[in-house]
**Q** 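One structure, pasted below without further comment.
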Amino acid sequence: MAQRPPWFSTYLGSFVTRQRRRALLYLLSFAAVLSLYTVAYSWGMATFEDKERSLLYSFSIVIETFSTTGYGVDAESWTTPQMRLVMVAMQVTGVFLIFMALPLFVAPWVQQALRVSPPTTVDELEDHVVICGYSPRAETLIDELESWNRDYVVVVRDRDEALDLYERNVSLAHGDPESAEVLRNVHVERADTVVADATDEQNASIALAVREVTDDVQIISLVEDADLTSYLRYAGADQVFSPRHLLGHGLAEKVTASVTTDLGETVVVGEDFEIVELSIQDGSEVCGKRLAESEIRERTGASIIGLWRRGEFQSSPSPDTTLDENTILVVAGREAQLERLKEMTLSDERGDARGTVIVAGHGEVGSTVREAMRSTTMRTVVVDVEEKPNVDVVGDVTDERTLRDAGIEHANALIFALADDTTTIFATLVARELDPSVEIVARANETENIGKLYSAGADYVLALETVSGRMLASTILEGEEIISPDKQIEVVRTTAPRLAGQSLGDADVRSRTGCTVIAVDRNGDIITDLGAEFVIRDDDQLVIAGTDEDTNEFAEIAQ
């Protein structure tokens, strides 16, 4: 079993020590107060009331006072003001100590006793997915699994996290995913796939624990450091994915497609039929025109699936929609058709600009972007806060001087591959102010920051969580092929048994789900000429496109 990091043990030890120290200090203080009042009562009765009281008798009076059980006949013996003040002080002190004990000891004990315990086992499952660890990318995967009616169970070691997930109706088991016994509790021997989603070291330990139980289950491991891939495979992982590498390639491909006449990496649906995202550049032929005025369909033959504007996807946009530099078209067609449309979206001014791309950040993602850009004719300028090999400009990208030193005024595109979203958002604001025309492509580590990046001025945002979750879902799901993990839009090839026998017009997929049926794979033939009268068959595979939420909605009505 992998060892916890030293800081965790240190923190846990210090926490327990603080709790014990606090309890010991309270008990010692309480004993000292009891002793003090015992002596004070005995001395006070002898001095002020001229009545002798033994220490044992005085101690019983103090206990009666603190416990509020009464004083008996001795209460009539306090006739002097001094003795009455001693008793008032004793009563106030007792109440204070009791109320102090409530939050320190009683309340936590009651809370612990009433607290619901997270489950440590699950019901009988088969062909399910065991997710070891919970993260935003696991959350994306769970959404995909639930939409396609696949059973899963999440194994988490932290009790508070397990309780939180349990209250959110997430199927889970509380336990250490590196333990073979815990894995047996979730029936890993009957599972279809195990996803190791923890640290690289813990993922290796998880793979070994799984192999201790069974050799049949598929193990998919995510890896932060791509250099450790071989060790995870040696530990028993069947597939090892590096989300940051895929994200880096996606960012580089987007820039290449945005500033050159190449289409870039398209989503291939069938022979000579593809889907691509095209950014409309300021000064291009179609920029500023309404969709109907652009005559895209008439002039190119390509079909518009939808469009992105500032992170919002519009399926089946209105003919009156105005195309501008903030618009990203999602189109389908044959290669020649898409190439004609690409020429209509490029600006002549951009085409004459110097082919320079600035890469901000030279971590895992940034270095992958730089390597991917080497295959192009474009000049790459790498910026990082630390001086490293292959870093051209050292400085903070939130500083105007750093971006000017990198040549932002003459650059075609700026790729933000930073690990911190807050820094990326602010740097995007600075860059957009310095050069309103530069193409800004940004990495988002958390999906909730996508909207902020678009508002700050980014032209294209790709989220690490989305890429990771889709990549896992694409590997796990059978019959539902997600063929666009590194695109903003999701393209899925899937069956639709509930829609069999219905025409596309009757099924009304677009208005019900927001998805567009792009093509139908029927016995290996790709049918793209789809009208409202086209009837869906049982063995048809539909190729649909839409946002993650839209494709999940489609799964609910079609599966």
Side-chain angles (χ1 to χ4, degrees), residues 1-2 4-5 8 11-12 15 108 111-203 205-207 209-210 213 217 219-222 224 241 243 445-449 463-473 475-477 548-549 552 555-556:
M1 183 181 299
R4 290 188 174 93
F8 179 84
Y11 172 79
L12 182 61
F15 176 78
Q111 184 180 17
Q112 185 69 23
L114 298 177
R115 201 175 190 183
V116 177
S117 296
T120 57
T121 61
V122 294
D123 296 333
E124 296 292 328
L125 291 176
E126 192 168 353
D127 294 330
H128 55 294
V129 179
V130 178
I131 305 173
C132 297
Y134 190 82
S135 66
R137 57 196 175 199
E139 188 173 354
T140 302
L141 172 61
I142 289 172
D143 289 340
E144 296 284 352
L145 295 175
E146 289 180 340
S147 66
W148 299 105
N149 297 318
R150 286 295 301 273
D151 291 329
Y152 71 91
V153 59
V154 181
V155 183
V156 290
R157 59 164 52 87
D158 183 78
R159 188 177 189 276
D160 291 334
E161 183 181 25
L163 280 171
D164 179 62
L165 295 175
Y166 184 62
E167 291 173 356
R168 289 159 51 188
N169 295 321
V170 175
S171 175
L172 68 88
H174 174 224
D176 187 352
E178 301 174 50
S179 167
E181 185 61 32
V182 171
L183 294 173
R184 289 188 181 94
N185 290 340
V186 297
H187 314 295
V188 71
E189 68 279 359
R190 295 199 297 270
D192 174 76
T193 303
V194 174
V195 176
D197 186 19
T199 66
D200 293 344
E201 293 80 3
Q202 289 171 340
N203 287 343
S205 180
I206 290 169
V210 172
V213 179
V217 67
I219 301 177
I220 301 175
S221 177
L222 294 165
E224 299 296 326
F241 291 141
N445 297 287
E446 299 180 7
T447 53
E448 57 262 30
N449 291 323
L464 182 63
E465 298 171 3
T466 302
V467 170
S468 306
R470 285 182 181 175
M471 181 170 57
L472 290 170
T475 306
I476 295 171
L477 295 172
D548 292 326
E549 293 78 9
N552 291 344
E556 292 182 5

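All values below were derived from every heavy atom in this structure, side-chain atoms included, with hydrogens, water molecules and symmetry-related copies excluded.
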**Q** Is there a side chain to side chain contact (heavy atoms under 4.5 Å, CB included) between T193 and Y152 once you walk through the steps?
**A** CA-CA 9 Å; T193 303; Y152 71 91; over 6 Å; no

**Q** Considering only heavy atoms from C-beta outward, does the side chain of I131 approach that of L145 to under 4.5 Å?
**A** yes

**Q** For a quick test of reading the model, state the closest non-hydrogen atom pair linking V186 to A173 and the distance between them.
**A**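 Answer, listing the atom of V186 first, then A173: CG1-CB, 3.5 Å.
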
**Q** Out of curiosity, T121 OG1 to R184 CZ, how far, rounded to the nearest 0.5 Å?
**A** 15.0 Å

**Q** So if I apply the side-chain hydrogen bond (donor to acceptor under 3.5 Å, both in side chains) rule between R190 and each of H128, E126, E124, which one comes out positive?
**A**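 Single side-chain hydrogen bond (donor to acceptor under 3.5 Å, both in side chains) partner of R190 among H128, E126, E124: E124.
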
**Q** E167: what forms a salt bridge (Lys or Arg N to Asp or Glu O under 4.0 Å) with it, not counting sequence neighbours?
**A**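 Salt bridge (Lys or Arg N to Asp or Glu O under 4.0 Å) check on E167 returns nothing, list empty.
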
**Q** Nearest 0.5 Å, what's the CG-CZ distance between L163 and R168?
**A**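 Answer rounded to 0.5 Å: 12.5 Å.
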
**Q** Closest approach of S205 and E178, non-hydrogen atoms and distance?
**A** OG-OE1, 2.9 Å

**Q** Working to the nearest 0.5 angstrom, can you tell me the gap between E144 CD and R150 CZ?
**A**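 Reported value, rounded in 0.5 Å steps: 12.5 Å.
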
**Q** Could you report the tightest heavy-atom contact between V122 and H187, atom names first, then the distance?
**A** O-NE2, 3.2 Å

**Q** Would you say the side chain of V182 lies within less than 4.5 Å of the side chain of P177, judging by non-hydrogen atoms?
**A**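 With C-beta onward as the side chain, the pair stays apart.
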
**Q** Could you walk me through whether N185 and E181 pass side chain to side chain contact (heavy atoms under 4.5 Å, CB included), step by step?
**A** CA-CA 6 Å; N185 290 340; E181 185 61 32; 4.0 Å; yes

**Q** Report the distance from atom CZ of F241 to atom OG1 of T475, rounding to the nearest 0.5 Å.
**A**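 The CZ atom of F241 sits 3.5 Å away from the OG1 atom of T475.
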
**Q** Kindly determine whether D158 and Y134 satisfy side chain to side chain contact (heavy atoms under 4.5 Å, CB included), including the steps that lead there.
**A** CA-CA 10 Å; D158 183 78; Y134 190 82; over 6 Å; no

**Q** With heavy-atom distances below 4.5 Å as the criterion, would you say the side chains of V195 and I476 are in contact?
**A**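 The answer is yes, as the side chains (C-beta and beyond) meet within the 4.5 Å cut-off.
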
**Q** Taking all atoms of both residues into account, what is the closest heavy-atom pair of P118 and A162, and its distance?
**A**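 Taking P118 first and A162 second, the nearest heavy atoms are CB-CB, 3.8 Å.
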
**Q** Quick one: pull up CG in L222 and SG in C132 and give me the separation to the nearest 0.5 Å.
**A**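 One finds 11.5 Å between CG of L222 and SG of C132.
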
**Q** Atom CG in D197, atom CG in N203: separation rounded to 0.5 Å?
**A**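 Reported value, rounded in 0.5 Å steps: 7.0 Å.
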
**Q** Between T447 and T140, does a side chain to side chain contact (heavy atoms under 4.5 Å, CB included) hold up when you go through it step by step?
**A** CA-CA 10 Å; T447 53; T140 302; 5.5 Å; no

